[in-house]
Structure formats: structure tokens, C-alpha cells
Peer 1: 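After the C-alpha cells below, expect a handful of questions from me.
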2 protein chains.
Amino acid sequence: MSVSLKDVADAAGVSIATASRVLNNSRKVTPDTAQRVRAVAKSLGYVLNPLGKALRQGDSDVVGVIVPVISNPFYSALVQCLELEVEKCGYKCLIADSLGELDIEEDRMRTLSSRRVRGIFVVPAYFDLSANIVKEISAQIPVIQVDRRVSDEYAAPFVGIDNEDGIAKLLAHLKGQGVKTATYVGADNRTSAGRERRSALEQLAPKYGIQLTAHVLNRFLFSFGFEAVSTILSRGELPDALIGADDLIATGLLAGLAEHNLMVPRDVVVTGFDGTLLSEVSVPRLTCIKQPLEQIAEAAVAALESQRLRPGQHNWSTTVKGTLQIGGSTARSS
Amino acid sequence: MSVSLKDVADAAGVSIATASRVLNNSRKVTPDTAQRVRAVAKSLGYVLNPLGKALRQGDSDVVGVIVPVISNPFYSALVQCLELEVEKCGYKCLIADSLGELDIEEDRMRTLSSRRVRGIFVVPAYFDLSANIVKEISAQIPVIQVDRRVSDEYAAPFVGIDNEDGIAKLLAHLKGQGVKTATYVGADNRTSAGRERRSALEQLAPKYGIQLTAHVLNRFLFSFGFEAVSTILSRGELPDALIGADDLIATGLLAGLAEHNLMVPRDVVVTGFDGTLLSEVSVPRLTCIKQPLEQIAEAAVAALESQRLRPGQHNWSTTVKGTLQIGGSTARSS
DNA sequence: CTGAAAGCGCTTACAG
DNA sequence: CTGAAAGCGCTTACAG
């Protein structure tokens with residue numbers, strides 16, 4: 001049905017080897033012949049079949065991307081940035097999600113690996129449980145952990161935000177707004193992001209003169225933030241600030257507070273983390289740490305390339321710093 | 001490096017033909033032999049290389065999905081549903097976005113086609129400009145248009161929401177809330193969704209006793225909704241309702257109104273379309289038409305299968321009806 | 001029931 | 001500079 005390299009070669013009166021060389025600019029070919037082949041290829045509408053190429057070379061031009069949930073605005077934005085960056089290298093992206101479940105994650109990684117992708121970007125579902133699969137696949141093809149990492153530091157390189165720096169910026173801002181007490185509505189220990197943000201907060205809050213009441217912990221979900229409001233209210237007094245572990249939780253908090261007729265920032269200020277669409281869409285806008293996604297994507301692609309060139313070095317990581325994005329949700333002084 | 005079918009066959013003392021048959025359950029093989037092959041395959045950690053299979057069969061187990069922008073919550077949700085449904089058939093998804101640009105869309109479709117995917121789901125970027133490429137690729141492999149369609153009704157089957165029905169439900173609800181005047185903050189004629197929603201509104205509003213002021217039209221963007229508020233205010237009187245063409249525009253309206261210290265629903269009611277995460281996250285929640293994504297995904301996959309079985313019939317479509325999701329943004333009677 | 005062989009489309013040593 | 005040939009991993013008529 002579709003035209004193959006052989007068709008082109010025949011029509012041009014050359015061997016398929018020559019045709020291949022012309023179309024890949026791989027070796028010097030008589031200009032005359034080259035031109036003829038190119039013309040024929042064009043007129044016949046030849047398009048390379050990447051399957052044959054990949055099979056032969058044991059290596060495709062596809063890169064895999066695995067995120068927990070593609071419909072989480074943070075991940076859909078991350079995926080888009082990664083895709084853009086990957087395409088600059090002339091590769092294509094195969095995108096998949098793990099739904100945050102270990103067995104799906106394993107399936108995705110094995111499938112991609114068997115397809116001989118050039119490499120995999122993965123946001124591991126779990127800090128500890130995902131370590132094995134990341135390490136296993138990482139031994140076969142280049143794997144880069146993005147946004148989250150697994151417990152085993154020799155599993156694969158990591159690229160992501162500096163959570164501690166982000167939390168520090170948030171605390172400095174809150175302090176400037178006169179915040180004295182805060183409650184962390186955060187993520188549990190399942191993921192590295194959850195761990196790092198929580199421990200940074202615990203460590204740094206005292207330095208900014210902010211007193212933390214008991215955390216409310218769960219997963220990165222809007223519904224969790226929404227419900228957390230009731231939990232906190234049932235305790236009695238509301239703190240000056242509610243610190244959400246990400247934008248999803250934070251917008252959940254905004255919605256929950258509205259449900260209880262509490263005004264933000266008048267009654268309590270709220271912060272998020274990520275700087276997703278949600279933070280811009282919410283009313284009031286969410287103060288949060290904006291992740292430099294382009295930069296992360298760029299670093300991730302660079303990491304993958306470096307991993308391809310000299311494999312075996314897995315215990316390194318790249319962190320980038322986020323920026324404080326100030327919204328109305330913490331405009332306490334006004 | 002990785003173990004191939006030949007390795008398995010050798011280790012099991014059979015031909016690769018037999019090994020292949022066992023692993024595919026394709027023909028009767030002596031139970032004894034079959035068991036042995038299976039055992040060997042397992043112990044060697046054999047995993048099929050889909051490249052070889054696809055090359056041989058001229059057909060892979062991959063399905064392509066092309067949406068305009070993956071970071072639009074509606075499309076990321078759609079992609080997730082499609083992926084889930086596609087996997088039920090044992091296929092994998094190759095996801096890509098066109099950024100709403102024709103040349104990228106063309107590149108994506110051609111690339112997928114050259115990879116011999118089993119079929120493509122596409123949300124065409126343009127109503128008229130995308131017609132050619134959809135038709136071209138549709139002649140090669142099964143293509144299903146989802147959510148939007150192109151002008152040429154013989155291009156490819158379509159699966160999506162019944163926009164007219166959705167608009168009617170919205171109008172009925174608004175009428176019940178005592179709305180007499182409304183402004184449509186909508187999408188232009190670039191896409192079929194934009195066209196259909198607008199023309200349905202123009203046609204149906206009078207029947208519900210709702211008077212439309214001049215439309216404000218542009219693309220499906222949060223920023224457009226946000227800015228549209230100024231445009232409308234500069235005209236003078238605010239209508240009873242602002243009807244956003246989708247949730248992105250509608251939440252933009254909410255944010256824009258808040259910026260002008262206008263209260264929703266007190267000063268004006270607002271509606272959206274799609275029922276994305278944004279509609280739930282916004283404060284107040286957005287009244288809108290919720291798209292039955294699971295149902296759409298199911299129908300789309302069924303359409304693809306039917307297209308594979310008997311190709312050539314392109315001029316049919318499946319529409320599903322959305323449901324009215326009532327939020328605080330139209331709670332006028334309260 | 002099983003195997004030897006062809007062939008999907010491609011690239012790349014190896015000769016010339 | 002160019003071509004004949006091997007081979008990537010797989011499936012499937014074709015014989016037996």
C-alpha cells in the first residue's frame with residue numbers, strides 16, 4: 001500500500017542502500033544521484049517507516065513520559081513542556097499515566113522499555129514502592145525521574161524543583177503578611193514531594209516565627225483540601241494561614257472555606273504550590289510557588305541525553321528554584 | 001541484550017514458529033510443548049518486541065490521540081478517558097497535541113500514520129482548514145473525530161456532545177432563574193463547537209424569552225473570558241447572565257467580574273460548558289453542561305473499531321447528550 | 001502438530 | 001561513490 005524505500009530506489013534506478021544514504025545524508029553520494037533520489041521520493045510521497053528503522057537500530061526516536069494523572073493540571077502542563085522540549089531533539093513523546101498505582105506504573109515502564117524507547121521520564125507514584133521498578137528499567141534504558149524521586153538514590157537521575165527553597169519563600173512572604181500561626185494541609189509520605197515540603201515546613205517555620213498547628217495530611221486532591229476545612233474548623237480556632245501542599249489542595253481549601261462562608265484573605269490566608277492554571281483561575285488568585293516548567297523540562301531532556309551518552313551514573317540530581325507568585329489569597333495587609 | 005523469540009525457541013528446543021504460536025495461542029500446539037515454551041519464556045524474562053510484530057503485520061497495537069492543547073483541563077480529561085477505554089481493547093495510546101495549529105496537526109497525523117497506528121482520534125484544530133488533512137489520513141487509516149468536526153462531512157466519523165441540546169438545557173435553567181437578558185461570551189467560527197453553540201443559542205434564546213445582546217467572540221481561553229468582562233462593562237448595562245462558551249471562558253468571566261468587584265450570582269449569573277475540574281474548583285461553582293466523557297470515549301472507541309472492520313463509510317456521527325450541572329454561579333433565586 | 005523459509009522496512013558493515 | 005547481503009524480531013503461508 002504505502003511506498004517503501006525499495007519503491008523509491010527502483011524508481012530512481014539505484015540500490016536501496018544508496019536511497020537510504022541519500023535520505024539520511026549519511027554518506028557522500030554523487031550530487032546528481034542524490035537529487036534524483038530526493039525528487040523521486042518526493043513525487044512518490046515516500047515517508048519513512050520508523051518501525052523498520054527502530055527494529056534495525058534497536059532504538060527508536062520515541063521518548064516515554066509517565067505521570068501519575070494526566071488530568072492533574074500540573075502534570076498536563078509538565079507533559080506539554082516536556083513534549084515541546086523533546087521535539088526540539090527530533091524525538092516524539094509517548095505519554096502515559098500510572099493513576100498513581102504501582103502495578104500500572106510497572107506495566108507502563110515495561111511496555112515502554114519493550115518498545116525500545118530512547119528513554120523514559122517518570123514521575124514515580126511512590127517514594128519507596130516505586131524504587132524497584134525505576135531501578136530495574138533504569139538498568140535497561142535511560143530513565144529520568146521528574147518532579148518526584150524514589151527512595152533509592154542510585155535508581156535514576158532526578159530533575160525537579162527545590163522544595164525547601166519554595167517553602168522558605170512562602171514562609172518569608174507569610175511572615176511579611178503578619179502571619180503568626182499556620183496549618184499545613186499537606187501530602188502524606190507517599191511521595192518525595194510530600195515528604196520534602198512537609199519536612200521543610202517543620203524545619204523552617206520556627207525560623208520565620210510562624211507557629212504550626214497539627215498537620216492535616218492526605219493526597220494531592222482537590223477534594224481533600226475541600227474536606228480539610230471542616231476538619232480544621234472542628235478543632236476550634238482558625239489559624240492565620242492555611243498552607244496547601246499544592247494548588248489542587250489549596251483551591252480545595254478556597255472552595256471549602258467559601259462553603260463555610262469564610263472569606264479569603266480576610267478570615268484566613270491560603271497558599272498553594274506549583275503555579276498551575278488553577279492558581280490563576282481561582283478567586284482570589286492563589287499565592288503560591290510557581291514551578292519553572294520550561295526549565296525543568298529543559299534540564300530533564302539534557303539529563304536524558306547525558307544518560308544516553310554515559311550510562312551507569314544514576315545518583316545525581318538537578319534542582320531548580322521556583323518563584324513566589326503573589327495573589328489575592330494572602331493580601332492580608334490590604 | 002534483551003531476550004528474543006529465538007532465544008526462547010532455542011532454550012525450549014523448538015522452532016521460533018512454534019514458540020510464536022504458543023505465545024500467541026494462535027494454533028493448536030501439543031500441551032506439553034506449549035507448557036515448556038511458556039516456562040522458558042518466563043524464566044528468561046522474555047517480552048515481546050512490538051516493533052517486529054508491527055513491522056510484520058503492518059499494524060501496531062497503538063492508537064493515536066491528537067487534541068489541541070493537552071493542558072486544557074477538558075482535553076486532559078478527555079485524553080484520560082480515551083486512554084482508559086482504549087486500554088480495555090488491549091491497545092496503547094500515543095498522545096500528542098496540535099496546539100491548535102494546522103501545520104502541527106498535519107505533522108502529528110502524518111507521523112502517527114507512518115507509524116502504522118491502528119487508528120487516530122483527533123479533535124480537529126479548525127472547522128474548515130483541518131478538513132483536508134483529516135480526509136487525507138482517513139483514507140489511509142481509521143480516523144475518528146472527537147468533540148469537534150471538520151466541514152467536510154465525508155472526512156471521518158464524529159463522536160461528540162449534542163451542543164444544541166446542551167445550550168437548550170442551559171437556557172431552560174436560566175429562564176427558571178428569571179434571566180431575561182444575556183450576553184454570549186463565545187468562541188468564534190474556527191471550530192465546530194464554537195459554531196454549533198453559538199448558532200444554537202441564537203436560535204433557541206428567543207424561545208426561552210431570553211434576549212441576547214451582541215456577542216463577544218474569540219477563542220476558548222481563560223484570558224479571553226477575563227478580558228471580555230471589561231468589554232462588556234464598557235458597553236454600559238450588565239445583562240442578567242453571561243453565557244461562556246466553555247468552562248475556561250466562564251471561569252475567566254468569574255475572575256474578571258471579581259476584579260471589578262462584581263458579585264456572582266448577585267450582580268450577574270454565569271454559565272460554562274464542559275463540566276471540567278475548573279467548574280468544580282471555581283467559587284462559586286459553575287453552572288454548566290457536563291460532558292459525559294466516559295460515554296464519549298466509549299463511543300469513540302466503538303466507532304474506531306467499526307471503522308476498522310468496514311472502512312470507507314465516513315459520513316456518520318454519534319452525539320451524546322450532556323447533563324445540566326447546577327452550581328452557585330446561577331443561584332439567583334436564593 | 002511442527003519447522004524451514006519468506007518477508008515486513010530499514011541500516012550498515014563489507015566488498016568493490 | 002555504490003551495491004549485494006545480512007539481520008533487527010516477528011508472523012504466517014507452505015510443506016510435511
Side-chain angles (χ1 to χ4, degrees), chain A residues 1-38 40-41 44-62 110-118 140-141, chain B residues 1-38 40-41 44-62 110-118 140-141:
Chain A
M1 39 155 245
S2 70
V3 2
S4 74
L5 194 56
K6 184 169 187 318
D7 300 328
V8 175
D10 288 351
V14 298
S15 73
I16 61 169
T18 300
S20 171
R21 285 179 195 124
V22 171
L23 269 17
N24 287 296
N25 309 307
S26 62
R27 252 203 277 178
K28 277 271 117 324
V29 176
T30 315
D32 217 35
T33 322
Q35 197 170 2
R36 188 151 35 90
V37 171
R38 254 184 270 274
V40 169
L44 256 49
Y46 170 72
V47 353
L48 174 102
N49 182 336
L51 262 31
K53 178 173 191 165
L55 186 58
R56 168 64 218 245
Q57 301 188 320
D59 186 11
S60 74
D61 63 342
V62 176
R110 296 216 173 91
T111 301
L112 287 170
S113 170
S114 79
R115 261 168 220 285
R116 308 299 185 274
V117 296
R118 240 186 163 78
Q140 302 167 9
I141 54 172
Chain B
M1 38 155 245
S2 71
V3 3
S4 75
L5 194 57
K6 183 169 187 319
D7 301 327
V8 175
D10 288 352
V14 298
S15 72
I16 60 168
T18 301
S20 170
R21 285 177 195 124
V22 170
L23 268 17
N24 287 296
N25 310 305
S26 61
R27 252 205 277 177
K28 277 270 118 326
V29 176
T30 315
D32 218 33
T33 322
Q35 198 169 0
R36 187 151 37 88
V37 171
R38 254 184 272 272
V40 168
L44 257 49
Y46 170 73
V47 352
L48 174 101
N49 182 335
L51 261 32
K53 179 171 188 167
L55 187 58
R56 168 65 219 241
Q57 300 188 319
D59 186 11
S60 74
D61 63 343
V62 175
R110 295 215 174 90
T111 300
L112 287 170
S113 171
S114 79
R115 262 166 218 286
R116 309 296 186 275
V117 296
R118 243 189 161 75
Q140 301 166 11
I141 55 171

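None of these values were measured; they are calculated from a predicted model. Throughout, protein chains are lettered first and strands after them, A, B, ... in sequence-line order, and every chain is numbered starting at 1.
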Peer 1: Under a 3.5 Å distance rule, please check whether B:R118 uses its side chain to pair with a backbone N or O of B:V62 as donor and acceptor.
Peer 2: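 Pair absent, no side-chain N/O of B:R118 close to backbone of B:V62.
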Peer 1: Would you say a side-chain N or O of B:T18 is under 4.0 Å from OP1 or OP2 of C:dC1?
Peer 2: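 Indeed not, no polar side-chain atom of B:T18 lies that close.
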Peer 1: If you check the B:Q57 side chain, which of D:dT12, D:dT2, C:dC10 turns out closest?
Peer 2: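 Nucleotide nearest to B:Q57's side chain: D:dT12.
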Peer 1: Counting heavy atoms not belonging to B:Q35, are there more than 12 under 6.0 Å from its CD?
Peer 2: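 No, because the 6.0 Å sphere around CD of B:Q35 holds 12 heavy atoms or fewer from other groups.
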Peer 1: With heavy atoms under 4.0 Å as the rule, sort A:L5 into base, sugar-phosphate or nothing.
Peer 2: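 The residue A:L5 makes base contact.
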Peer 1: Separation of B:D7 atom CG from D:dC8 atom C1', in whole Å?
Peer 2: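 Between C1' of D:dC8 and CG of B:D7: 13 Å.
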Peer 1: If you only use heavy atoms from C-beta on, which nucleotide in D:dT2, C:dC10, C:dA4 is closest to the side chain of B:S15?
Peer 2: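 Shortest atom-to-atom distance from the side chain points to C:dA4.
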Peer 1: For B:L55 and C:dC10, what is the distance between atoms CG and C1' respectively, to the nearest whole Å?
Peer 2: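 Taking CG of B:L55 and C1' of C:dC10, I get 8 Å after rounding.
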Peer 1: Please list all pairs meeting salt bridge (charged side-chain N to carboxylate O under 4.0 Å, His left out) that have one or both residues in residues 3-18 of chain B, counting only residues at least two apart or in different chains.
Peer 2: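 Found B:K6-B:D10.
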Peer 1: Taking the minimum atom-to-atom distance to the side chain of A:A17, which one of D:dG3, D:dC10, C:dT2 wins?
Peer 2: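 In terms of side-chain proximity for A:A17, the closest of D:dG3, D:dC10, C:dT2 is D:dG3.
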Peer 1: D:dT12 and D:dG16: how far apart are their C1' atoms, nearest whole angstrom?
Peer 2: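 That atom pair is separated by 16 Å.
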Peer 1: Return the value, rounded to whole Å, for the distance between atom CG of A:L23 and atom P of C:dG9.
Peer 2: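 For the pair A:L23 CG and C:dG9 P, the rounded distance is 15 Å.
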Peer 1: Side chain of A:S20, heavy atoms from C-beta onward: which of C:dA4, C:dT12, C:dA13 has the nearest atom to it?
Peer 2: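 My answer, after comparing the listed nucleotides, is C:dT12.
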Peer 1: Take the protein atom CG of B:D10 and the nucleotide atom P of D:dC10, then report the distance between them rounded to whole Å.
Peer 2: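 Rounding to the nearest Å, CG of B:D10 and P of D:dC10 are 12 Å apart.
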Peer 1: Nearest-Å distance, CG (A:L51) to C1' (D:dG9)?
Peer 2: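 Those two atoms, CG and C1', are 11 Å apart.
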Peer 1: Name the residue closer to the 5' end of DNA chain D, choosing between B:P50 and A:G13 according to the nucleotide with the nearest heavy atom.
Peer 2: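 The residue whose closest nucleotide sits nearer the 5' end is A:G13.
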Peer 1: Which of the following nucleotides, C:dG3, C:dT2, D:dC1, is nearest to the side chain of B:V14?
Peer 2: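 Looking only at side-chain atoms, B:V14 lies closest to C:dG3.
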Peer 1: Name the nucleic acid region contacted by A:I16, choosing base, sugar-phosphate or nothing; use a 4.0 angstrom heavy-atom cut-off, strictly under.
Peer 2: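 Answer is base: heavy atoms of A:I16 come under 4.0 Å of a base.
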Peer 1: I want to check something: taking the side chain as every heavy atom from C-beta on, are A:K53 and A:L48 in contact at a cut-off of under 4.5 Å?
Peer 2: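 Yes, side chains in contact.
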Peer 1: Identify all stems in which DNA chain D takes part, counting only runs of at least 3 consecutive pairs (Watson-Crick or G-U wobble, each distance under 3.5 Å), and give each as one range with another, ordered by first number.
Peer 2: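 If one scans DNA chain D for consecutive Watson-Crick or G-U pairs, the stems found are C:1-3 with D:14-16, C:5-12 with D:5-12, C:14-16 with D:1-3.
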Peer 1: Determine whether B:S20 and B:L5 make a side-chain contact, defined as any pair of heavy atoms from C-beta on separated by less than 4.5 Å.
Peer 2: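 With C-beta onward as the side chain, the pair touches.
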Peer 1: Using the rule side chain to side chain contact (heavy atoms under 4.5 Å, CB included), only one of A:V14, A:I16, A:V22, A:V3 pairs with A:V8; which is it?
Peer 2: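 When side chain to side chain contact (heavy atoms under 4.5 Å, CB included) is applied between A:V8 and each of A:V14, A:I16, A:V22, A:V3, only A:V3 qualifies.
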Peer 1: Within the 4.5 Å heavy-atom criterion, are B:L51 and A:R116 side-chain neighbours or not?
Peer 2: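 Contact flag for B:L51/A:R116 side chains = yes.
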Peer 1: Picking from C:dA13, D:dC10, C:dG3, which would you name as closest to the side chain of A:R21?
Peer 2: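 Comparing C:dA13, D:dC10, C:dG3 against the side chain of A:R21, the answer is C:dA13.
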Peer 1: May I ask you to check whether A:S114 and A:T111 show a side-chain donor-acceptor distance below 3.5 Å?
Peer 2: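 No, A:T111 and A:S114 have no side-chain donor paired with an acceptor closer than 3.5 Å.
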Peer 1: Roughly, in whole Å, what's the span from CZ in A:R116 to C1' in D:dC8?
Peer 2: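 Going from CZ in A:R116 over to C1' in D:dC8 covers 10 Å.
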Peer 1: Go through D:dC10, C:dC8, C:dC10 for me and flag the one nearest to the B:S4 side chain.
Peer 2: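 In terms of side-chain proximity for B:S4, the closest of D:dC10, C:dC8, C:dC10 is D:dC10.
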Peer 1: Output the rounded distance in Å from NZ (B:K6) to C1' (C:dG3).
Peer 2: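 Whole-Å distance recorded here is 13 Å.
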Peer 1: Taking the nucleotide of DNA chain C with the nearest heavy atom to each, does B:T30 or A:Y46 sit closer to the 5' end?
Peer 2: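 The residue whose closest nucleotide sits nearer the 5' end is B:T30.
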Peer 1: Can you measure B:K53 atom NZ to D:dG9 atom C1' for me and round it to whole angstrom units?
Peer 2: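 In whole Å, D:dG9 C1' and B:K53 NZ are 12 Å from each other.
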